[in-house]
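Quantities reported herein were computed from a predicted structural model and do not represent experimental measurements. Side-chain atoms are counted along with the backbone in the values below, which use heavy atoms only and exclude waters and symmetry mates.
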Amino acid sequence: MTAWAVPRTFGLPAPASKSRRRSCCTPVMPGSSAAGWLDDQTVSRSSSDLSDDELVAQYRLAPTSGRSRQLLDELMRRHHGRVVAWCYRLTGDREAAPDLAQDVFLKAYSSLESFRSDSKFTTWLYVIARNRCRDEHRARAVRVREAEYEPVDVGQDWNGGVAALAARDARTVLRSLMDEVLGETERVVMTLHYGHDVPLDAITTSLGLTNASGAKSYIVSAKRKLNAAVRRWNART
Amino acid sequence: MERENLSAALAPGADCLTLEQLGLYADGALTGAEGTAAAAHIRTCVNCGAELLLLHRVTSTPVSARESAIVDEGVLALAHRAAADARAAEATQKSSTRLFRWTIPALAALMAVLLLIVVVDRLNIRGGAAPPLPASVKADDDALRSQAVSARAPLGDQYEPPQRLEWIAVPHASRYRARLMEVDRHELWSASTTATQIDLPSEVRALSVPSKTLLWEVTAFDASGRQIAESGAQAFRLVPR
């Protein structure tokens, strides 16, 4: 890969080069006792010296051997803290994070055969975590919708424009108006929340939004702008 | 309706990269034409750009002091669960071992008992109800088990030819029949009496010679003439002088 083209509007850093891969996805846990727990050497020196890819490769060679459990334990021990942190960031739910992390590891155990070494093990784990957390959010959203609860209500005056759009026009019109009237962060927050089922708390945490209401205030302001823009668009057409 | 419209409008399109492809892209693992096409799409797609931004922020942002406590708590919870699972697995294994250790002997013992029952049944050694009475016996009749007549003399070695045969009285017996026999149960003499002894005639006593074993037996009869007891063969021998 030579031409790394990243949309400037999302403020993405340059993608990792091959030589930087090892540390790219490793969260730093300063002063954390979790970090101490992760560093606790409970398996043989040889296992702990192996890279993630090497551990997986050795596991694949003899998945039913007595050593295979030790290899898996070492893999998971390395990434426990990381996956708990990801699950918290992707859901914003402190209580659910350990449960989701456990699900992620169970899924990883059962599908280790599908891991391709052309991506990093941590990225592969992230994909599992992201899918699991999205499923969890969707399940919760269904329960919330069943209770007819709208978490972000911008008020009666501002509703109507978007809701009144014909379904066939919604995608084209809203995407065009979003580019026209929303700011960069508003677009990303709206897309992650409505298009990718990311909870508001998770967006606040993941994107490091430091304003008082976090992602919710961006949603409120974006919806007001969009509803107004839709009404103008309706008046024009 | 508003939520549905927003979700429909902002959902990823059919040409968007999958999460796995975005992961490969982030790792620099999409190369050549595939990588170029991915980069071109991401440059203009708000969905893929947002998902890629999320991946990068979630995996690369250092854990804050607040998050550190949450991570510690979660990791400890996982460690406790792992330890509990290990203990449960160990307990299950021990339980299985214990079960295996006791199951085999228990089954063997059970089989032995069953075998014993079958053997006893075959040998007709049964408890429970008595066999039915013969048709000739009424319910209010005295029903006596066939019993033995206890012989008293002569038994075993004798130094003089016996004068008589003696036995113990049998209840309800009104008559006894005594028989003297060779060892091959050939009858030499017999007689009936109502007493519990009977004298041997002199010619019969003369049959008792040294070193020759003779057998005798007594059968008891009740008043109706039904046999109610017998002694079985008793043996005696005149010791040579």
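A:Tyr194 approaches B:Leu10 most closely through the heavy-atom pair CB-CD1, 3.8 Å. Contact detail for B:Gly74 and A:Pro98: the closest heavy-atom pair is CA-CG, 3.6 Å.
Neither the backbone nor the side chain of A:Arg69 comes within contact range of chain B; no heavy atoms are under 4.5 Å apart. For A:Leu90, the part lying under 4.5 angstrom from a heavy atom of chain B is the side chain only. Both the backbone and the side chain of A:Asp99 come within less than 4.5 Å of a heavy atom in chain B. With a 4.5 angstrom heavy-atom cutoff, A:Met178 touches chain B only via side-chain atoms.
Here B:Glu51 is the residue among B:Glu73, B:Glu51, B:Glu20 with the most heavy-atom pairs under 4.5 Å with chain A. Put simply, of A:Val84, A:Asn131, A:Val189, A:Thr191, the one with the most heavy-atom pairs under 4.5 Å next to chain B is A:Thr191.
Using a 4.5 Å cut-off on side-chain heavy atoms (C-beta onward), B:Leu53 and A:Leu192 make no contact. You'll find the side chain of A:Arg116 reaches within 4.5 Å of the side chain of B:Leu24, heavy atoms only. At least one side-chain heavy atom of B:Leu6 sits less than 4.5 Å from a side-chain heavy atom of A:Leu226. A 4.5 Å side-chain heavy-atom check between A:Tyr126 and B:Leu54 finds at least one atom pair inside the cut-off. B:Thr59 has its side chain out of reach of A:Thr122: every pair of non-hydrogen atoms, C-beta onward, lies at least 4.5 Å apart. Side chains of B:Val71 and A:Tyr88 form no contact here, defined as non-hydrogen atoms less than 4.5 Å apart. Contact check for A:Arg89 versus B:Glu67: side-chain heavy atoms found under the 4.5 Å cut-off. No side-chain heavy atom of B:Arg57 sits less than 4.5 Å from a side-chain heavy atom of A:Thr205.
With rounding to the nearest 0.5 Å, the separation of CG in B:Leu19 from CZ in A:Arg130 is 6.5 Å. Taking CH2 from A:Trp86 and CG from B:Leu55, the interatomic distance works out to 8.5 Å, rounded to the nearest 0.5 Å. The line from NE2 of A:His196 to CG of B:Asn47 is 3.5 Å long, rounded to the nearest 0.5 Å.
Heavy-atom neighbours of B:Arg237 CZ from other residues, nucleotides or ligands within 6.0 Å: above the threshold of 12.
Under a 3.5 Å cut-off, the side chain of B:Asp27 and the backbone N or O of A:Lys120 do form a donor-acceptor pair.
A search for side-chain hydrogen bond (donor to acceptor under 3.5 Å, both in side chains) contacts involving B:Thr18 returns B:Gln21, not counting sequence neighbours. Scanning for ring-ring contact (aromatic ring centres under 6.0 Å, His included) contacts around B:Phe221 gives an empty result, with sequence neighbours left out.
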